Undergrad: 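A single structure is presented below for examination.
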Amino acid sequence: MSKKIFSNYHLDTYQTDRGFIYAQRRNVNSTAALCFKKEQDGSYSFLIRYQPLPEIKLKDHNYTYKNLYPCCITGSLEINETPTDNVIKEVWEESGYTITKENIKEVVKATSSTQMNEVVFNFLIDLTNKTNEKPTNDGSFFEEISENKWISESNLKDILLKNSELYLSSLSTAYLLFLKHINKI
């Protein structure tokens, strides 16, 4: 039996009878969106979100972060929010692109691990011929220092297959959705 040892709007922290401490987000499930666009030459580009690791280094009273790591656009579902509504909101907040259900090309749900009951809804979003505005972000410090970069498919493959960079597993899941979408697998 676990007892709650800390709680706020976003998070509850528990301790088991055996002393194990774990955190549970307010709503466990989340979305991850890999956005792509088809270029005029027939190649594809991918919008990668570079976010900080939650490791803060204090230097001269300014927070600096070691390497930003590549991932999809992500978000936690609010209570009673559908995954589709959440991904539309998160793509707007984190990239400045307004999308509709028609921009969603693929979706698959996955469990994040055997140690958690989180379901991640992985989306593939087509942004071909779309323009964006400045991202609004959610006001959190982490989102304020995150950045987006359009990269080539070969650069994405390098991230996933060749480099030893840390990245969220939803990035590889969403890339597999892309390969399925263009009939490569």
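Computed from a predicted model, the values in this text were never measured in an experiment.
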Undergrad: For Asn86 and Thr31, does a side-chain donor sit closer than 3.5 Å to a side-chain acceptor?
TA: yes
Undergrad: Taking the side chain as everything from C-beta on, heavy atoms only, tell me whether Ile125 gets closer than 4.5 Å to Ile104.
TA: yes
Undergrad: If we ignore hydrogens and angles and just use 3.5 Å, is the side chain of Ser45 paired with the main-chain N or O of Trp150 as donor and acceptor?
TA: no
Undergrad: Has the side chain of Asn103 got a donor or acceptor atom that lies under 3.5 Å from a matching backbone atom of Leu127?
TA: no
Undergrad: Using a 4.5 Å cut-off on heavy atoms from C-beta on, say whether the side chain of Val119 contacts that of Val28.
TA: no
Undergrad: Tell me whether Glu153 contacts the main-chain N or O of Tyr44 through its side chain, where contact means a donor paired with an acceptor under 3.5 Å.
TA: no
Undergrad: Is any side-chain heavy atom of Cys72 closer than 4.5 Å to a side-chain heavy atom of Phe123?
TA: no
Undergrad: Any donor-acceptor pair under 3.5 Å linking the side chain of Asn29 with the backbone of Leu77?
TA: no
Undergrad: Can you find a heavy atom in the side chain of Leu171 that is under 4.5 Å from one in the side chain of Ile48?
TA: yes
Undergrad: Side chain to side chain contact (heavy atoms under 4.5 Å, CB included) between Glu133 and Trp92: does it pass, once the steps are laid out?
TA: CA-CA 9 Å; Glu133 298 177 23; Trp92 165 250; 3.5 Å; yes
Undergrad: What's the spacing between Leu176 CG and Leu34 CG if we round to 0.5 Å?
TA: 10.5 Å
Undergrad: Between Lys105 (side chain only) and Glu102 (backbone N and O only), is there a donor and an acceptor less than 3.5 Å apart?
TA: yes
Undergrad: Apply the side chain to side chain contact (heavy atoms under 4.5 Å, CB included) test between Ile73 and each candidate in Gln51, Glu93, Glu90; give the one that qualifies.
TA: Glu90
Undergrad: Under the 3.5 angstrom rule, does the side chain of Ser43 hit a backbone N or O of Glu39 as a donor-acceptor pair?
TA: no
Undergrad: Return yes if some donor-acceptor pair links the side-chain N/O of Lys130 with the main-chain N/O of Thr98 below 3.5 Å, else return no.
TA: yes
Undergrad: Applying a strict under-4.5 Å side-chain criterion to I, L, V, M, F, W and Y, I'd like to know whether Ile151 and Leu161 cluster together.
TA: yes
Undergrad: Over 60° means perpendicular and under 30° means parallel, so tell me whether Phe46 and Phe36 are parallel, tilted or perpendicular.
TA: tilted
Undergrad: Check step by step if side chain to side chain contact (heavy atoms under 4.5 Å, CB included) holds for Lys162 and Lys157.
TA: CA-CA 7 Å; Lys162 295 179 183 175; Lys157 286 179 183 179; over 6 Å; no
Undergrad: Do Ser172 and Leu160 have side chains that approach each other closer than 4.5 Å (heavy atoms only, starting at C-beta)?
TA: yes
Undergrad: Does the side chain to side chain contact (heavy atoms under 4.5 Å, CB included) test come out yes or no for Leu47 and Arg49, once each step is laid out?
TA: CA-CA 7 Å; Leu47 185 63; Arg49 181 99 171 143; over 6 Å; no
Undergrad: Return yes if a side-chain donor-acceptor contact under 3.5 Å exists between Ser152 and Ser154, otherwise no.
TA: yes
Undergrad: I need the minimum non-hydrogen distance between Glu147 and Lys149, along with the two atoms involved.
TA: OE2-CE, 3.0 Å
Undergrad: Using the side-chain hydrogen bond (donor to acceptor under 3.5 Å, both in side chains) rule, pick out the option among Asp85, Thr84, Asn80 that qualifies with Thr82.
TA: Asp85
Undergrad: When you compare the side chains of Glu118 and Ser30, does any donor N or O come within less than 3.5 Å of an acceptor on the partner?
TA: yes
Undergrad: Would you indicate whether Asn129, at its atom CG, is surrounded by more than 12 heavy atoms from other residues, nucleotides or ligands within a distance under 6.0 Å?
TA: no
